[in-house]
Amino acid sequence: MTLAPELTPGSRVSTLELFFDLVFVFTVTQVTGGVAQAHGPTGYGQAALILGVLWWMYGGYAWLTNNVGTDSPLNRLLLLGGMFGFLVAALTIPSAFGAGGLAFGLAYLLVTLIHAALFTHAQNSSALAILRIAPFNLTGALLVILAGILGGPYRLPLWGLAFLLPVASTLFRRYGAFSLSPGHFVERHGLVLIIALGESVVSIGVGAAGLPISARLVLASGLALALVAALWWSYFGGGGGTSDESRAEHALGRASGEERARMALFAFGYAYLAILAGVVLASAGVKGVIAHLEGHASPQVAWTLAGGAALYLLGESWFRQILGIGRGRGRLLGALLALPTALIGLSMGGLWQLLALVLLLLATLLWERRAATGIGGGA
């Protein structure tokens with residue numbers, strides 16, 4: 001396969017792309033709110049499907065602006081149209097499996113159509129490669145619309161198909177002809193993760209709204225911030241001496257052609273979805289802990305908080321494995337140990353669970369650093 005031309009070396013994320021990401025993270029905020037109010041497994045499943053279909057198309061736009069510049073007025077207007085679609089979808093998330101289902105589906109269709117149309121402006125092989133992916137994306141959007149029209153027992157299966165159909169396109173290796181500039185691509189995903197982590201800090205304030213300032217509230221807020229900081233450190237701070245972001249860019253740079261596209265898709269598409277879902281769960285858990293500091297944590301809050309930390313670490317371990325930048329044994333062990341912290345929340349309270357998770361993440365990062373410097377086994 002002939003390699004498609006890439007963005008010029010040193011190309012960085014534009015301010016319009018960052019603006020786009022700020023709008024997209026509003027959808028993440030809305031999903032977090034849905035998780036915080038979820039009633040049983042069905043509520044969590046619905047939130048997972050919404051996040052999954054939205055993340056798929058966000059990833060599509062990250063690939064898009066990696067191939068198509070944002071300087072042209074027409075391209076800018078089309079990207080703003082995509083932002084509008086994501087915004088409307090975000091507004092309808094609370095009722096996406098109810099009265100707002102059709103509106104969500106139409107907004108999602110707009111996002112998908114603009115993505116496909118703008119990709120044809122690429123000055124490389126990606127302009128043709130999108131024609132192999134677009135039918136799957138468009139069919140997924142139509143399934144979401146159909147779910148909004150039919151409603152009732154058809155909603156969940158149709159949403160499931162809408163998520164699985166685009167994913168199935170990767171089984172046919174339809175990603176090979178896409179061009180990819182590693183530096184821009186890695187930076188773009190790192191920025192959206194930073195913004196999502198920032199929204200986790202906002203969850204602290206949302207949970208504390210209306211509560212009187214007390215020593216317990218200040219301590220809980222500090223521990224919640226420390227937890228978010230530890231999640232940040234594990235990806236950006238270089239738990240083993242060099243950040244995962246930097247190593248990911250080098251790994252993609254060493255690969256080429258279809259292998260580079262495959263690594264990017266699976267690491268930043270699927271593993272990153274697990275990381276982002278972990279942020280969503282952790283944020284919802286933090287919000288619940290802060291809002292109910294007295295007494296024991298509820299089962300929903302305790303397990304959501306523990307599950308968020310565990311899923312984040314599992315996603316990072318998978319991310320490292322795909323890119324070949326570390327075995328991630330420390331992250332796997334940390335994920336396994338994060339789940340039982342729910343029992344601490346149930347028996348001693350959410351404050352103690354936050355403390356346990358912060359200490360666990362710090363221990364994981366310290367162990368990886370020692371392993372990277374030759375003290376102990378590889379991380």
Side-chain angles (χ1 to χ4, degrees), residues 4 7 13-14 16-28 49-90 92-93 96 103-145 159 161-170 172 174-181 184-185 188-189 191-192 261 264-265 268-270 272-273 276:
L7 296 180
V13 174
S14 68
L16 180 58
E17 291 172 90
L18 182 57
F19 186 21
F20 188 101
D21 291 352
L22 289 168
V23 175
F24 170 74
V25 170
F26 178 46
T27 70
V28 178
L49 287 172
I50 292 172
L51 182 63
V53 298
L54 289 173
W55 176 253
W56 175 262
M57 281 314 302
Y58 170 80
Y61 274 82
W63 285 78
L64 169 66
T65 54
N66 197 263
N67 285 270
V68 177
T70 59
D71 293 333
S72 160
L74 176 59
N75 290 359
R76 289 179 175 181
L77 288 173
L78 287 172
L79 279 175
L80 288 170
M83 290 165 59
F84 172 72
F86 272 116
L87 177 61
V88 174
T92 62
I93 281 175
F104 182 100
L106 291 173
Y108 189 66
L109 178 62
L110 175 64
V111 168
T112 306
L113 287 171
I114 291 175
H115 173 261
L118 189 49
F119 229 127
T120 61
H121 294 191
Q123 301 298 310
N124 52 39
S125 62
S126 297
L128 293 177
I130 189 60
L131 300 179
R132 306 177 64 191
I133 297 291
F136 290 88
N137 295 342
L138 292 171
T139 303
L142 292 175
L143 286 171
V144 174
I145 291 175
W159 269 83
L161 285 174
F163 172 68
L164 292 175
L165 187 63
V167 171
S169 68
T170 64
F172 300 102
R174 291 175 176 260
Y175 48 78
F178 282 96
S179 173
L180 182 71
S181 176
H184 176 277
F185 191 78
R188 180 74 186 275
H189 285 82
L191 287 173
V192 80
L265 173 65
F268 289 92
Y270 301 144
Y272 233 74
L273 175 58
L276 189 63

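Positions are given from 1 along the sequence. These numbers were taken from a predicted model, which means no experiment stands behind them.
If you check the side chains of T27 and Y58, you find no donor sitting under 3.5 Å from an acceptor.
Taking CG of L18 as the start and CZ of R188 as the end, the distance is 8.5 Å to the nearest 0.5 Å. Summarising the geometry, atom CG belonging to L109 is positioned 4.5 Å from atom CD1 belonging to I145; distances are rounded to the nearest 0.5 Å. Annotation: the span from L74 atom CG to L79 atom CG amounts to 9.5 Å, rounded to 0.5 Å. To the nearest 0.5 Å, atoms CG (L87) and CG (L80) are separated by 11.5 Å. Taking CG of L143 as the start and OG1 of T139 as the end, the distance is 7.0 Å to the nearest 0.5 Å. Atoms OG1 and CH2, on T170 and W56 in that order, are 5.5 Å from each other to the nearest 0.5 Å.
The aromatic rings of Y61 and H115 are tilted relative to each other, their planes meeting at an angle between 30° and 60°. Between Y272 and H189, the two ring planes are perpendicular [angle over 60°; tilted spans 30° to 60°].
Under the 4.5 Å side-chain criterion, counting only non-hydrogen atoms from C-beta, H121 is in contact with L78. Side-chain contact check for L265 versus F178: every heavy-atom pair is 4.5 Å or farther apart. Under the 4.5 Å side-chain criterion, counting only non-hydrogen atoms from C-beta, F86 is in contact with M57.
Between L54 and F24, the closest heavy-atom pair is O-CE1, 3.8 Å. In terms of heavy-atom proximity, V144 sits nearest to G105 at CG1-CA, 3.6 Å. Residues S179 and N66 come closest through the heavy atom pair O-OD1, 4.1 Å. Taking each heavy atom of N137 and P166 in turn, the nearest pair found is OD1-CB, 3.8 Å. Across all non-hydrogen atoms, the minimal contact from L180 to A264 is CD2-CB, 3.4 Å.
N75 places a side-chain N or O within donor-acceptor distance of the main-chain N or O of G69, the cut-off being under 3.5 Å.
Within a 6.0 Å radius of CZ in F84, no more than 12 heavy atoms belonging to other residues, nucleotides or ligands are found.
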